[in-house]
Protein chains: 2
Amino acid sequence: MTTAGSRTRKGEQTKARIVEAALELFRESGYDDTTMRAVAQNAGVSLGNAYYYFKSKEHLLHAYYARIHAAHAEAAAPALENESDLHKRLLGVLKTKLEVIEPFHRFSGLLFRTAADPKSPLNPFHEDSAPARQEGTQLFARVLEGSRVKIPKDIAQKVPHLLWVYSMGIVLFWLHDDSKDRARTHALVEQSSELVVKMIKMLSNPLLRPLRKSALKLLNEIDV
Amino acid sequence: MTTAGSRTRKGEQTKARIVEAALELFRESGYDDTTMRAVAQNAGVSLGNAYYYFKSKEHLLHAYYARIHAAHAEAAAPALENESDLHKRLLGVLKTKLEVIEPFHRFSGLLFRTAADPKSPLNPFHEDSAPARQEGTQLFARVLEGSRVKIPKDIAQKVPHLLWVYSMGIVLFWLHDDSKDRARTHALVEQSSELVVKMIKMLSNPLLRPLRKSALKLLNEIDV
DNA sequence: GTCTATAACCGGATAGAC
DNA sequence: GTCTATCCGGTTATAGAC
């Protein structure tokens, strides 16, 4: 037990060293220009050893993802405390997201290029990304819970995940945004969040019931 | 002149041979499993020679892309003749799209990898794709025109482009869809198109005016 | 069973001779 | 325009150490 424990601990340390080395190199030179050999050397391990801990180079990017998410979760927390207005809550979360990811924009081409590849483990819809997806969804569940907006029962369960997908759309837009100070994305966030909140509040309106039912049927059929 | 002409002709022939070889191999084994060496051999040229004509493996895909585009424009036309129901028109266009792209599903990894890269000319939102984007938008403008649905003036101009973006979303979903016979995407198309048509028809409803105005403001601010 | 290293493979891409 | 030879880096096979 002690042996197994220390061994495991040692393994974790090695793994951590590799991640650190990778992140540093990514930050310095971007993804493409960072070789696995350099990562291994920087971490003081052999190339094969790096592959023992990480199935592929892309898997190292998950560490990156995880950091961004952790940083975001932390940065977003204040925006969720002592605030019950749904729009402000949502806006707070989205704005902090933009703040957190901004430093990575210059590498976005390299970093996120594969993110849309269905086979890439970086893809947020990929199986390997399930934890990240779930955490993101939970964050938006919190956004909703803290507000006092009522959502029809039939669709309530779907909304957090839909909000997460919406936020992924924002990020996609951001990737393409080269406007000064990312002005277009900020406009998108402000305007679209308002729109989204309006829609959520309308969800209970009887007039929209057929629309809601259609949407629900859609979501169920495509298994989202 | 004759010499230069024949030289050019020879070059074009070689280039064409390489493209044909590539497309055949892509069709057989998919993009990833097709090596440049195999393409070169299949075309009866050396590896280096293949690279003389195509800067990279990805560049070979442009040929493919062009084919898909032309095929859809042609295939969609019949669906728009003698039909005035908006839902049926929209559904027809989307279904033919799925039919046309189906054989290429195995390429999806690469297609989207490049298509999502903000810097890739294959990206549908990229500057270089303006013609394709415009054609797509026009196609959906025709879808609307041929129906007798009335759309509020303020937003009428935006709707065709929004429908095109919507269709890009469908394609994105399709890329990730590994269900049998692409059942999930077909469900998505059928359900979402119904939903979209419902929304379009509701656009004139006074209740939704504030929502419409918000949406309009959003579209103007992000310059879509 | 956990960990680490070395050597090799493979395929995209390039250099330079002809 | 075409080739051969080579580079380069992601990935894998495998042997052995703890």
Side-chain angles (χ1 to χ4, degrees), chain A residues 1-22 25-26 28-64 110-111 113-114 117 119-122 128, chain B residues 2-22 25-26 28-64 107 109-111 113-114 117 120 122:
Chain A
M1 184 63 177
T2 353
T3 314
S6 82
R7 272 188 187 167
T8 300
R9 196 153 51 248
K10 188 182 172 196
E12 306 249 304
Q13 277 170 6
T14 308
K15 192 171 176 175
R17 275 219 315 288
I18 296 170
V19 171
E20 284 312 314
L25 290 172
F26 288 166
E28 264 172 40
S29 332
Y31 180 76
D32 280 350
D33 290 346
T34 298
T35 70
M36 284 298 279
R37 284 163 177 84
V39 170
Q41 189 173 5
N42 220 264
V45 300
S46 70
L47 178 60
N49 198 197
Y51 273 98
Y52 174 79
Y53 288 103
F54 295 93
K55 248 175 51 190
S56 75
K57 188 179 174 183
E58 285 193 355
H59 278 81
L60 276 170
L61 273 176
H62 264 301
Y64 226 84
L110 309 167
L111 265 177
R113 189 183 46 207
T114 54
D117 180 347
K119 280 159 204 148
S120 163
L122 247 192
D128 289 2
Chain B
T2 355
T3 314
S6 82
R7 270 186 188 165
T8 301
R9 196 155 50 248
K10 189 184 171 195
E12 306 249 303
Q13 277 172 6
T14 307
K15 192 171 176 176
R17 274 216 318 286
I18 296 170
V19 170
E20 285 312 314
L25 289 173
F26 288 166
E28 263 172 41
S29 331
Y31 180 77
D32 284 344
D33 291 346
T34 298
T35 69
M36 284 299 278
R37 284 164 175 83
V39 170
Q41 190 174 4
N42 221 263
V45 300
S46 71
L47 177 62
N49 199 199
Y51 274 99
Y52 173 78
Y53 287 103
F54 295 92
K55 245 175 57 190
S56 76
K57 192 178 172 184
E58 285 192 1
H59 278 79
L60 277 169
L61 269 178
H62 285 246
Y64 235 97
F107 288 72
L110 165 46
L111 274 181
R113 196 179 309 150
T114 49
D117 181 349
S120 164
L122 277 180

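Scope of the values below: all heavy atoms of this structure, side chains included, with no hydrogens, waters or symmetry mates. Every chain is numbered from 1, with letters handed out A, B, ... down the list of sequences.
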[N] phosphate, OP1 or OP2: any side-chain N/O from [X] under 4.0 angstrom?
X       : N     : value
A:Asn49 : C:dC3 : no
A:Tyr53 : C:dT4 : yes
B:Tyr52 : D:dG1 : yes

List the residues meeting side chain to side chain contact (heavy atoms under 4.5 Å, CB included) with A:Asn49, not counting sequence neighbours, and say none if there are none.
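Partners of A:Asn49 under the side chain to side chain contact (heavy atoms under 4.5 Å, CB included) test: A:Thr14, A:Val45, A:Ser46, A:Tyr52, A:Tyr53.
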Starting at the 5' end of nucleotides 7-18 of chain C, put B wherever the base has a protein heavy atom under 4.0 Å, S where only the sugar-phosphate does, and a dash everywhere else.
-B--BBBB----
Student check: side-chain heavy atoms of [X] and [Y] closer than 4.5 Å:
X       : Y       : answer
B:Lys57 : B:Val39 : no
B:Tyr51 : B:His59 : no
A:Phe26 : A:Leu61 : yes

Value in whole Å for how far the C1' atom of C:dG1 lies from NZ of A:Lys10
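That distance rounds to 14 Å.
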Please state how far atom CZ in B:Arg9 lies from atom P in D:dG1, giving the value in whole angstrom units.
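That distance rounds to 12 Å.
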Checking side-chain contact (heavy atoms from CB on, under 4.5 Å) for the pair A:His62/A:Phe54: CA distance, chi angles, key distance, verdict?
CA-CA 10 Å; A:His62 264 301; A:Phe54 295 93; over 6 Å; no
Got a second to check how far B:Arg17's CZ is from B:Gln13's CD, nearest 0.5 Å?
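Between atom CZ of B:Arg17 and atom CD of B:Gln13 there are 8.0 Å.
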